[in-house]
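Scope of the values below: all heavy atoms of this structure, side chains included, with no hydrogens, waters or symmetry mates. Source: prediction; values computed, not measured.
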Amino acid sequence: MGLLCSKNHPYNEADAEENAQAAEIERRIEQERKAEKHIQKLLLLGAGESGKSTIFKQIKLLFQTGFDEEELKSYISVIHANIYQTIKILYDGSKEFAQNEADSSKYVLSSENEVIGEKLSEIGSRLDCPCLNRELAQEIETLWKDSAIQETYARGNELQVPDCTQYFMENLQRLSDANYIPSKEDVLYARVRTTGVVEIQFSPVGENKKSGEVYRLFDVGGQRNERRKWIHLFEGVTAVIFCAAISEYDQTLFEDEQKNRMVETKELFDWVLKQPCFEKTSFMLFLNKFDIFEKKVLKVPLNVCEWLKDYQPVSTGKQETEHAYEFVKKKFEELYFQSSAPDRVDRVFKIYRTTALDQKLVKKTFKLVDESLRRRNLFEAGLL
Amino acid sequence: MASCAVRGGCPSDYVVVSIAIFSMISLIVRSTFSFLIHKVPSAKGSAFWIPVIQVIASFNFLLSIVMALNFLKYKKSYWWLSCYVWAVWFEGPLGFGLLISCRITQAFQLYYVFVKRRLPPIRSHMFLPLILLPWVAGAAFIHEKKPLNYRCHLGSHWIIPVVSLHTLYVAVLMGFTGAIRHIEFRFDELRDLWQGILVSASLIGVWVSAYILNEIHDDILWLQVVSRFMLLLTASILVLVFFSISISQPLLSQISLRKREPLELKTMGQALGIPDSGLLLQREEAVDVDPNEPLDKLLLNKRFRQSFMAFADSCLAGESVHFFDEVHELGKIPIDDPVRRIYMARHIINKYIIAGAAMEVNISHRIRQGILTTTDLTHPDLFTNALNELIQLMKMNLAKDYWSSMYFIKFKEEARTRRCGQEMEEMTGYDFSPRLSSVHASDDPFHQDHFSRGFTQDIHASSYTH
């Protein structure tokens, strides 16, 4: 017994220290719990490629410290990968069209360009793509300017051509420079399919002011397999920012080329609205990719999408664009009121026209969102 | 004696009916036990429905024999006691026919996967009704013509086509089983099929002889009693022996119902006997991990892979890493062992590739279709395209955040302490992940432990779902 007692002696100090540590951790956890209550949870939901991660990046740029040089440089490989993948999709697409189409001659490349195409296609399928240098950029540009590739690009909606194609192809010279550092715009255009969940915490009035709202924003993947993970985030959400890319009415899903993207977005929005956890949640619908929409709607009629098949064009130019946009907006409004049970219709529902790449517009839009949420908070607290 | 032979109620009848009831109860108990012990599989997929349909068909079959052959004394005035309902519909399309058709469906699936090495063109929930159609047609025809006599026996003209239909189906089952007899199955599938064929063939033998004896020697009452006794007895044995879960749930059959050997087989890799599957061996070297190396090379190291997998699971992006792991396991199976490769490939497809799968991965439509419509399940490059796409996904989403996460720091610590041979310090405090703030070791709103356990449970549920 005595032996045990004397053995215990050196541990007493360690014990006391451990207790102090444990108490400190407890205090910190308690502090965090209190702080958590004031944090407003925002979710970015939407189908694949609807612009959620771009909005996420914009929020990071606007309200956090932005991207430092290290982070900007980390996007170089992403941008180069995007370029290789895009040109590969276009080249493989042109081969497919050349085989299957009636007037296949317009999809046939010249023989030198075919050689370039094969080489680039092989590079694009590799796991580790080489860094984009002047020579490769030149070859890509040559291939891009080939009429067959341009014809294929015109039918890009049948392939899975990303929206950043035009932008990157036009800037190839700059992007292939040896000392290239991506600009903020380049980073926003870069396409990365999100998997899993990412979050940031920010305050719209800036980090140093204590009195502002604190938001925690969650970004998720939009493809079908990613959606089963959303359920883990649905508890205690202040607002859902639902991104719908309105320019995708003539495209099919990445994960299911039999399904129209607009119809999928409609069904997904319907599903989200009916979730039991979102009884009191505010819904901010971002009708995104307006810049692509306004150009496309003049060339491709809205009624190629079965959900929008009762659309009647009225005029041309800007008027037509506005009319088409109002039609789509009305469709979403109708959908909202159809899908919301009578007891939920009074939750906050706002629609915003956005172009996620436009920083000023996103800043303005978010200010409106923030105002709307503040007003709702005051209302909930009975002060309004 | 005379009355009981005609109207039912002989002592032997009661004995054999109780044997039938006992057999039915033990069948139900056995099937429920298997489902319960191995955690109820999800209600979709043939892995669940085919055994359930078998149990129901067995019940119908026994009931039809009892009702049709005058085992029990009762008033026969109601329509639902009518001979046609029991002896024709319940015995044929809903009983014996359904039983054999279930087995034929399973044999057909096995044939397609292991001999033709592709995924079956017709899903089992469409195949089963399809092959049941001749039974339904036959039963409807007999119902029309009404050839049964007052004692529920068919005329001798009718017995021949009826028995040939029964024998035909057993012959088809034998045909499919014969086609796969040379395959070395891992999970007793073949043995179960032969067993089923043997018993069903002997049942038909007993039935035919009983019937012939009945008809020829109408007056020999003891023969009637004996023959119907034998018939119900053989049927009871048939339904018990015929039932087996192993064809639908290969992993389950590895775990003994009596729990004599509590083998914890968590992964398909372990069940197939792939070396070092799922184990973290001591002799795995603590390689110094260099963040500049390409991710796919780093992931080949098991310890790094486990650490990265834990990180990915915390960000709800774990399925890509699990997929990498299992495809890596598949790569360990030699090319000249097609059977095991097929088991593993099929398991991977059911778990990761099929739309709506438990751990479905984020791949494009083309790549998914390429895998599902492959003409060779044993091809070594079956999953290469999917793997490349997912490694790209992991690189762009997870790699950067992993290097600054607590998981990597823990990994380095472990490697260091293992090298120094000291005991590992307890890591107190909370896990930090740059992606998600709510990843805490003690307070985990995403129920991380529950999550990873759920994945292993899903192995049982989703194997062989179709």
Side-chain angles (χ1 to χ4, degrees), chain A residues 18 21-22 25 28-29 32-33 36 39 41 48 53 70-71 74-75 77-78 81-82 85 89 92 125-129 159-160 190-201 216 218-233 235-236 252-259, chain B residues 293-297 311-321 352-369 384-385 387-401 428-430 433-440 442-448 451:
Chain A
E18 239 181 73
Q21 254 188 356
I25 291 174
R28 286 237 222 107
I29 291 177
E32 253 192 44
R33 278 214 184 115
E36 292 266 332
I39 295 180
K41 194 169 165 187
S53 299
E70 194 63 49
E71 204 162 347
S74 71
Y75 273 95
S77 56
V78 174
N82 281 167
Q85 280 154 15
I89 292 172
D92 292 345
S125 56
R126 275 193 234 157
L127 206 46
D128 277 305
C129 296
L159 311 163
Q160 298 292 330
R191 161 97 192 120
V192 175
R193 215 159 70 242
T194 314
T195 181
V197 180
V198 203
E199 75 171 73
I200 49 165
Q201 195 159 304
R216 192 174 278 161
F218 290 84
D219 183 24
V220 297
Q223 283 77 27
R224 284 180 180 167
N225 73 300
E226 303 285 333
R227 294 176 206 162
R228 66 167 191 275
K229 309 171 190 174
W230 292 5
I231 197 87
H232 298 278
L233 304 169
E235 212 50 52
T252 52
L253 294 175
F254 169 79
E255 65 268 26
D256 180 2
E257 289 181 10
Q258 320 274 11
K259 192 78 193 270
Chain B
E293 267 198 56
L295 188 66
D296 48 322
K297 299 266 176 340
F311 170 72
D313 282 335
S314 76
C315 306
L316 304 185
E319 70 272 0
S320 309
V321 194
Y352 300 102
I353 307 290
I354 285 186
M359 291 175 75
E360 192 186 342
V361 285
N362 194 335
I363 49 177
S364 70
H365 176 88
R366 283 172 193 230
I367 291 185
R368 179 172 291 123
Q369 290 307 110
T384 306
N385 284 337
L387 202 61
N388 284 348
E389 207 171 86
L390 290 171
I391 292 177
Q392 274 284 45
L393 198 69
M394 285 192 271
K395 257 201 268 190
M396 300 215 261
N397 276 278
L398 301 170
K400 201 166 55 123
D401 292 328
T428 55
Y430 45 84
S433 165
R435 267 193 145 212
L436 282 175
S437 70
S438 38
V439 177
H440 296 284
S442 53
D443 168 34
D444 187 354
F446 293 153
H447 308 296
Q448 188 189 338
F451 211 55

Could I get the full list of salt bridge (Lys or Arg N to Asp or Glu O under 4.0 Å) partners for A:D128, not counting sequence neighbours? B:K395
Interface moiety of A:E257 toward chain B, non-hydrogen atoms closer than 4.5 Å: both
Contacting region of B:I363 [heavy-atom separation from chain A under 4.5 Å]: backbone
Heavy-atom distance under 4.5 Å between the side chains of A:L253 and B:H365, does that happen here? no
Using a strict threshold of under 4.0 Å (side-chain N to carboxylate O), is an ion pair present between B:E389 and B:R366? no
Determine the option with the most heavy-atom pairs under 4.5 angstrom with chain B, choosing from A:Q258, A:E226, A:E235. A:E226
Salt bridge flag under 4.0 Å for residues B:R368 and A:E255: no
What residue, out of B:N362, B:I367, B:L393, has the most heavy-atom pairs lying under 4.5 Å from chain A? B:N362
Of the backbone (N, CA, C, O) and the side chain (C-beta and beyond), which part of A:T252 lies under 4.5 Å from a heavy atom of chain B, both, or neither? neither
Determine yes or no for a side-chain-to-main-chain donor-acceptor pair under 3.5 angstrom, with A:R227 supplying the side chain and A:G222 the backbone. yes
Residue B:D296 versus chain A: region with a heavy atom under 4.5 Å: side chain
Can you sort out the partners of A:R224 under salt bridge (Lys or Arg N to Asp or Glu O under 4.0 Å), two or more places apart, ordered by chain and number? A:D256, A:E264
Does any heavy atom of chain B fall under 4.5 Å from the side chain of A:Q85, the backbone, both, or neither of them? side chain
